[in-house]
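The next block holds one structure in the form of structure tokens; read it before the comments.
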Amino acid sequence: GHDWGYGVEDGPSLWHQNYPIAKGSRQSPIDILPQTASHDPSLGPIALKYDQCTSINIANNGHSVVVEFEDSDDRSVIQGGPLDNPYRLKQFHFHWGGKGCRGSEHTVEGHSYASELHLVHWNAVKYETFGEAATAPDGLAVLGIFLETGDDHRWLHTITDALYMVKFKGSVTNFKSFNPKCLLPSSLHYWTYLGSLTTPPLHESVTWIVLKEPIAVSEKQMSKFRMLLFTGEEEDQRMRMENNFRPPQPLKGRKVRSSN
Ligand SMILES: NS(=O)(=O)c1cccc(F)c1
Ligand SMILES: [Zn+2]
């Protein structure tokens, strides 16, 4: 049922009631301090092999808008950097704020961005299914990309133009042959640390790779995300989908490494 959300009655400060790991030792997101992040020369570049990727659909799951991918083989993977294996692309989704407000999950020296894109990958070398990987300490790798408001993003239109089709919670529509490579910034320099899912069940199974360079999107494009609803078509109380981000969590002694 509806056991968690981002409201006053079910928001991030209450998630620990049903998900005690919310107070765990490797929770996400975090506030990243670039000066404290150690430059690790052993950290190679990340490689994104998305050319054969196959998007399937775009859906409103009541918490975010998600684009799912065909993950029955290694056609689209992230590898290198802190990762020992290639991790298979499963889905991507976004977190954002209200009009003109901040909405990213990770922050950089307390600075938050308008939105944050998460590309979710799983370790299909060691685990049979995404579900199994999602509960393993080295099961998932999530690539985080900051979105800041500025110029129109040429390729984000493909996504924002489809959002009207998935306005209500539970709606899903075809979304074929979208390659998320077009959403990457020019630099793949990153910070990396061991963390968790940023929504329930908050499993501590994520190697986070957060790109330093944000991408620019227009306020108009951001406003289209805010026309999505947390609520279903049948519900009479419409709730605009916005501020669907978890605030930074305690670092608890973790080290953040920098690619360079
Ligand atoms: N926001 S996130 O940590 O990327 C995430 C939350 C829940 C499920 C998932 F696959 C990814
Ligand atoms: Zn996310």
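Counting starts at 1 for both ligands and their atoms, in listed order. Along the sequence shown, the residues carry numbers beginning at 1.
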>> I'd like to check which ligand 1 atoms, numbered from 1 as shown, lie under 4.0 Å from a non-hydrogen atom of His95.
In response: 1 (N)

>> Could you tell me, atom by atom, which parts of ligand 1 come under 4.0 Å of a heavy atom of Phe130?
In response: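 Under 4.0 Å from Phe130, ligand 1 has these atoms: 10 (F).
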
With a 4.0 Å cut-off on heavy atoms, is [X] in contact with ligand 1?
X      : result
His93  : yes
Lys90  : no
Phe245 : no

Among protein heavy atoms, which lies nearest [atom], and at what distance?
atom                   : value
atom 7 (C) of ligand 1 : Thr199 OG1, 3.2 Å
atom 5 (C) of ligand 1 : Leu197 CD2, 3.8 Å
atom 1 (N) of ligand 1 : Thr198 OG1, 2.8 Å

> Where does Phe94 meet ligand 1, judged by heavy-atom distances below 4.0 Å: at the side chain, the backbone, both, or neither?
Replying inline: neither

> If you measure from each non-hydrogen atom of Val120 to ligand 1, which part falls under 4.0 Å: side chain, backbone, both or neither?
Replying inline: side chain

> Looking only at distance, does Gln91 have an N or O less than 3.5 Å from an N or O of ligand 1?
Replying inline: no

>> Tell me the closest heavy-atom pair linking Gln91 and His93, and the distance in Å.
In response: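 Shortest heavy-atom contact: OE1-ND1, 2.8 Å.
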
>> Could you report the tightest heavy-atom contact between Asp31 and Pro248, atom names first, then the distance?
In response: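 In this case the closest contact between Asp31 and Pro248 is N-CB, 3.7 Å.
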
> Which single N/O/S atom of His95 lies at minimum distance from the Zn ion (ligand 2)?
Replying inline: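 For His95, the N/O/S atom sitting closest to the Zn ion (ligand 2) is NE2.
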
> Picking from Phe230, Trp15, Tyr19, what satisfies ring-ring contact (aromatic ring centres under 6.0 Å, His included) with Trp4?
Replying inline: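 Result: among Phe230, Trp15, Tyr19, Trp15 is the only option passing the ring-ring contact (aromatic ring centres under 6.0 Å, His included) with Trp4.
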
> So if you build clusters from Ile, Leu, Val, Met, Phe, Trp, Tyr with side-chain heavy-atom gaps below 4.5 Å, do Leu119 and Trp122 land together?
Replying inline: no

> Is the Phe225 ring parallel, tilted or perpendicular to the Trp96 ring (thresholds 30°, 60°)?
Replying inline: tilted

> Is the distance between the ring centroids of Phe69 and His121 less than 6.0 Å?
Replying inline: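 No, they do not, as the ring centres are separated by 6.0 Å or more.
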
> With ring centroids as reference points, do His39 and Trp191 lie under 6.0 angstrom apart?
Replying inline: no

>> Between Ser258 and Asp40, is there a side-chain heavy-atom distance shorter than 4.5 Å?
In response: no

>> Just so I know, are the side chains of His203 and Ile21 near enough to count as touching, which here means a heavy-atom distance under 4.5 Å?
In response: no

> So what does the His118 ND1 - the Zn ion (ligand 2) - His93 NE2 angle come to, to 10°?
Replying inline: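 Value returned, to the nearest 10°, is 110°.
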
